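I have placed the structure first, in the form of structure tokens, so that the comments after it can refer back to it.
We name chains A, B, ... by the order of the sequence lines, and we start the count at 1 in each one. Owing to the predicted nature of the structure, the values given are computational and were not obtained by experimental measurement.
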There are 2 protein chains.
Amino acid sequence: MASFPKPPTLNDDRRAVDIYRRAAVILRERGFDATSMGDIADAVDLTKGGLYYYIKGKQALLFAIMCFALEQVENQVLKPALEVDDAETRVARWVEGHTILMLDDPAPMMVLYNELEALKPEHRLRVDERLNVSTNTLRDAIEVLVAERSTLDVDIATGAIRTLVEGVANWSGGVRADHDAIVRQVTRMAMDALLGHTEAARAVA
Amino acid sequence: MASFPKPPTLNDDRRAVDIYRRAAVILRERGFDATSMGDIADAVDLTKGGLYYYIKGKQALLFAIMCFALEQVENQVLKPALEVDDAETRVARWVEGHTILMLDDPAPMMVLYNELEALKPEHRLRVDERLNVSTNTLRDAIEVLVAERSTLDVDIATGAIRTLVEGVANWSGGVRADHDAIVRQVTRMAMDALLGHTEAARAVA
DNA sequence: TGGTTTCGTCCGACCATTTGGTAGGTCACC
DNA sequence: GGTGACCTACCAAATGGTCGGACGAAACCA
């Protein structure tokens, strides 16, 4: 597990990381603006005053959680995807890695995707920049994949795959299947969506 | 276009509907909790006091917008889908109708899907109930479709199709293609995801 | 060893601002 | 002169954030 950005002065930051993690959970559940610092303090068993010993402010907390999520994306999605050159397996790895992430640690990921507009403009730019690297990696791979084996529009295909994967955490809770099965089937659906050609699918097109 | 629920007393409700529509736009952009009644009043060219002539409260406004969105779903997604018996065309119609809705009038739809937890419990139950009708319609059709022509888990497939469609409004803005092309291609991708069988897709499964 | 200073951790009380919502009045028009 | 449509001024509550200090354990010193 990667670490959260360090609070001001703290040699042993286990408590800080724990605070960030627990804050991510409650922020994911209630949403950033609907969650008060008092709520967060309760969730981490502190008073508001005590919480501010670890946190510089509400914005900084949100930004830190998002940076943590971005780190995970870069390490567990982008890196494995870029290790292969074949466009098809690269897309598959991107989808697979992302789905695993959404299932294993959904809270920071959902905060990242759902609370972007709650960021102050400066932070927003930084986060968007790193998010675009991930999106563009997917887009580029889909572009070569689609150019030779499909008639899909690249932007449409990219958007669809992105939201397909980002939505996993919204419904995975109500599913009996285990994580492995979800990852396999989501990945298969994504690849079929990009490359599949059934007569039925053609009929509606 | 269906009408918004009527405000207290109002014989000519064009202004009221306009207020609901404009409020939906700004609520979609900034999120419910991040939008103050003052912001909404500005967006509809009123003062806060004037706004309350039409609106009973912030919660009531949110609930009204969601009811409007639900009406649209029932009329433009559920009704066409239930007109056919064949499971495959029923799923296709559900996806198609939903995608059209997300493109034609995204604001109330996004408010409906993104602000559920901002509802007071009583309203929440009512909305969830109507949403479940839509989801179950999709799920039941996918169930028979998948039982005979795929090995997908019904819940996984349903969740994936739902979030695929719900996410359209998030990326459709940055796409050059026109709405018709988006609808056709999203529908095709959805059906391919459910029924497609490419060798590549099997390889990752 | 016993006292005292230091330091990291955390609390309670407080503050300025913003929030959703209300009350009373104004003004045009029938 | 009554009524619908709207505004100004205001309120109580909640919010993000601050500050001085309390408490305990370690470090230091005798």
Side-chain angles (χ1 to χ4, degrees), chain A residues 4 6-24 26-27 29-66 111 115 117-124, chain B residues 4 6-24 26-27 29-66 111 115 117-124:
Chain A
F4 279 103
K6 304 269 194 300
T9 57
L10 203 63
N11 35 18
D12 178 25
D13 58 3
R14 283 182 314 170
R15 180 94 176 93
V17 171
D18 179 55
I19 287 176
Y20 282 89
R21 299 201 72 90
R22 290 213 248 175
I26 191 179
L27 282 181
E29 285 171 359
R30 307 192 194 177
F32 182 73
D33 294 287
T35 310
S36 74
M37 291 305 276
D39 294 334
I40 297 174
D42 287 349
V44 298
D45 292 313
L46 280 176
T47 54
K48 217 169 37 168
L51 176 60
Y52 270 87
Y53 173 77
Y54 295 98
I55 303 300
K56 211 182 65 204
K58 205 186 183 189
Q59 274 287 329
L61 171 63
L62 177 61
F63 185 58
I65 290 173
M66 288 186 172
V111 171
E115 308 291 352
E117 65 282 338
L119 283 172
K120 277 188 306 190
E122 39 163 333
H123 291 352
R124 174 70 186 260
Chain B
F4 279 103
K6 306 268 195 298
T9 56
L10 201 64
N11 35 17
D12 177 24
D13 59 0
R14 283 183 314 170
R15 180 93 176 96
V17 171
D18 179 55
I19 286 176
Y20 282 88
R21 298 200 73 88
R22 290 215 248 174
I26 190 178
L27 282 181
E29 285 172 357
R30 308 191 193 178
F32 181 73
D33 294 286
T35 310
S36 75
M37 292 303 276
D39 294 335
I40 297 174
D42 287 348
V44 298
D45 291 313
L46 281 173
T47 55
K48 213 167 46 166
L51 175 61
Y52 270 87
Y53 173 77
Y54 293 99
I55 303 301
K56 210 181 65 206
K58 205 187 183 189
Q59 273 287 328
L61 171 62
L62 177 62
F63 185 58
I65 291 173
M66 287 187 172
V111 171
E115 308 291 352
E117 66 282 338
L119 284 171
K120 277 189 307 191
E122 40 163 333
H123 290 350
R124 174 70 186 260

request  = Please report, rounded to the nearest Å, how far the P atom of C:dT22 is from the CD1 atom of B:I55.
outcome  = 13 Å
key: Test side chain to side chain contact (heavy atoms under 4.5 Å, CB included) applied to A:T47 and A:D42, step by step   = CA-CA 7 Å; A:T47 54; A:D42 287 349; over 6 Å; no
remark   = Rounded to whole Å, the CG-P distance (B:D42 to D:dC7) equals 11 Å
key: Distance, rounded to the nearest Å, where B:K56 contributes NZ and C:dG20 contributes P   = 17 Å
task = Summarise how protein sits on nucleotides 10-18 of chain C as a single string, 5' to 3': B when a protein heavy atom is under 4.0 Å from the base, S for sugar-phosphate-only contact, - for no contact.
result = BBB------
key: Atom pair distance, as rounded to whole Å: CE in B:M37 and P in C:dT19   = 12 Å
query = Are A:D18 and A:R21 close enough, and set up right, to give a salt bridge (charged side-chain N to carboxylate O under 4.0 Å, His left out), and what steps lead you there?
reply = CA-CA 5 Å; A:D18 179 55; A:R21 299 201 72 90; over 6 Å; no
query = With A:I40, which of A:L27, A:L46, A:I55 fulfils side chain to side chain contact (heavy atoms under 4.5 Å, CB included)?
reply = A:L27
A:K120/A:F63 under side chain to side chain contact (heavy atoms under 4.5 Å, CB included): CA gap, chis, key distance, verdict = CA-CA 9 Å; A:K120 277 188 306 190; A:F63 185 58; over 6 Å; no
task = For A:R124, check salt bridge (charged side-chain N to carboxylate O under 4.0 Å, His left out) against everything at least two apart and list the hits.
result = A:D128
Derivation of the side chain to side chain contact (heavy atoms under 4.5 Å, CB included) call for B:E117 and A:R30 = CA-CA 7 Å; B:E117 66 282 338; A:R30 307 192 194 177; over 6 Å; no
